[in-house]
Amino acid sequence: MNIERYFSILETLPKNVRLVAVSKGKSIEDINALYEQGQQIFGENRVQEITKKYELLPKEIKWHFVGHLQSNKVKYIAPFIDLIHAVDSFSLLKEINKQALKSNRIIPCLLQFHIAQEDTKYGFDYKSCETMLQNPSFKTFKNIEIQGVMGMGTFTENTVQTHQEFQTLVSIFKKLKSTYFADDASFKEISMGMTDDYLIAIEEGSTIVRIGSAIFGSR
Ligand SMILES: *Cc1c(COP(=O)(O)O)cnc(C)c1O
């Protein structure tokens with residue numbers, strides 16, 4: 001683990017930008033060590049792993065689910081998850097609402113958009129997201145709170161392209177905000193930026209960066 005790098009990253013973050021330390025594949029000891037340095041938010045992308053870590057680590061930690069989430073596994077994280085970053089379908093949102101109700105919670109969620117050139121990455125396009133937001137049953141989902149959007153840029157050295165992809169996500173955020181969430185103060189988050197592109201993401205208006213290997217070392 002690279003504690004110096006961790007603190008130097010923190011220094012580069014504007015006040016309104018939160019850091020999710022992405023700890024997938026990393027040990028309980030490493031996570032605990034970073035928690036003791038003051039880091040509160042940790043991100044994981046596997047249900048089994050996050051559930052186990054939740055059980056073993058201090059309950060003050062806020063756990064974010066950053067990866068693709070299968071509907072049939074929502075029930076395992078619903079009791080404790082602090083933010084689900086990558087909602088990419090109506091059926092997933094419906095299941096999150098159902099499980100949140102069972103846990104007597106309101107679960108914060110972000111809508112994931114496909115902004116990269118690579119077609120391996122999940123996410124809505126604007127049109128399919130609108131279809132969901134206009135679906136009458138969307139309004140009946142009382143146990144979720146849509147707090148904003150999330151996206152992953154293409155893995156590339158081409159910084160012009162990365163800038164453009166993040167600009168696309170910001171414009172999607174603005175359009176959704178003015179069209180569907182104008183009166184909703186909690187719709188305010190843009191989750192974008194990882195180890196290789198978080199500085200670009202911050203320049204473009206990210207409010208949450210998700211950083212793993214820069215802090216914990218490569219996987
Ligand atoms: C692994 C992962 C990250 C962190 O990636 P690094 O390049 O290690 O910083 C961020 N977001 C998601 C969705 C991830 O799966």
Side-chain angles (χ1 to χ4, degrees), residues 1-13 17-27 30-31 33-35 37 39-54 61-70 73-74 77 81-89 92 96 108-124 147-159 161-162 165-166 168-170 172-173 189-219:
M1 193 163 48
N2 192 336
I3 293 290
E4 270 143 54
R5 183 87 191 270
Y6 168 70
F7 283 110
S8 75
I9 290 169
L10 279 189
E11 274 172 28
T12 63
L13 300 184
V17 177
R18 287 186 291 161
L19 168 64
V20 178
V22 178
S23 50
K24 60 193 187 202
K26 299 301 167 183
S27 68
D30 277 356
I31 297 170
L34 196 63
Y35 171 71
Q37 297 293 326
Q39 178 64 25
Q40 297 244 337
I41 310 172
F42 290 84
E44 294 280 340
N45 69 347
R46 296 206 194 286
V47 168
Q48 220 185 340
E49 190 173 340
I50 196 173
T51 306
K52 187 169 167 230
K53 286 174 174 173
Y54 166 74
I61 288 179
K62 294 187 188 331
W63 292 100
H64 286 198
F65 199 84
V66 300
H68 179 64
L69 179 58
Q70 287 172 282
K73 295 189 174 167
V74 173
I77 63 169
I81 201 73
D82 191 64
L83 179 63
I84 296 175
H85 281 239
V87 173
D88 58 2
S89 73
L92 176 58
I96 295 169
C109 297
L110 305 178
L111 303 173
Q112 180 178 14
F113 283 86
H114 182 98
I115 54 170
Q117 298 284 316
E118 299 146 4
D119 46 54
T120 52
K121 288 179 183 157
Y122 297 95
F124 288 108
Q147 294 191 340
V149 300
M150 178 269 202
M152 292 172 81
T154 302
F155 185 69
T156 177
E157 312 252 283
N158 181 350
T159 58
Q161 184 181 343
T162 303
E165 290 174 356
F166 288 158
T168 299
L169 188 60
V170 171
I172 288 170
F173 170 83
E189 305 292 355
I190 303 175
S191 167
M192 60 184 188
M194 308 173 26
T195 290
D196 290 331
D197 56 18
Y198 77 92
L199 288 172
I200 296 176
I202 288 168
E203 263 184 71
E204 296 298 346
S206 172
T207 67
I208 304 177
V209 292
R210 311 175 308 268
I211 300 180
S213 37
I215 299 169
F216 291 107
S218 56
R219 287 178 293 273

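Positions are given from 1, in the same order as the sequence printed here. Note that the coordinates shown come from a computational prediction; the quantities given were computed from them, not determined experimentally. Every number for a ligand or one of its atoms is a count from 1 in the order of the listing.
- Atoms of ligand 1 found under 4.0 Å from any heavy atom of Ile211 (numbered from 1 in listed order, with element): 9 (O).
- Shortest contact from atom 5 (O) of ligand 1 to any protein heavy atom: Met194 CE, 3.4 Å.
- Within the listing of ligand 1, atoms 6 (P), 7 (O), 8 (O), 9 (O) sit less than 4.0 angstrom from a heavy atom of Thr195.
- The backbone N or O of Phe155 sits less than 3.5 Å from a side-chain atom of Glu118, completing a donor-acceptor pair.
- The protein atom (non-hydrogen) at minimum distance from atom 13 (C) of ligand 1 is Val66 O, 3.2 Å.
- Looking only at distances, no side-chain donor or acceptor of Glu44 sits under 3.5 Å from a matching main-chain atom of Trp63.
- Taking Ser191 as the reference, His85, Arg210 meet the side-chain hydrogen bond (donor to acceptor under 3.5 Å, both in side chains) condition, with sequence neighbours excluded.
- Regarding atom 14 (C) of ligand 1, its nearest protein heavy-atom neighbour is Lys24 NZ, 3.0 Å.
- Each of the atoms 4 (C), 9 (O), 10 (C), 11 (N), 12 (C), 13 (C) of ligand 1 lies under 4.0 Å from some heavy atom of Arg210.
- A donor-acceptor pair under 3.5 Å links the side-chain atoms of Lys53 to the main chain of Ser23, judged by distance alone.
- The side chain to side chain donor-acceptor pair (under 3.5 Å) analysis of residues 193-202, with sequence neighbours excluded, yields the pairs Thr195-Ser213.
- The atoms of ligand 1 that sit less than 4.0 Å from any heavy atom of Gly212 are 4 (C), 6 (P), 8 (O), 9 (O).
- Of the possible donor and acceptor atoms, one in the side chain of Gln39 sits under 3.5 Å from a partner among the backbone N and O of Ile41.
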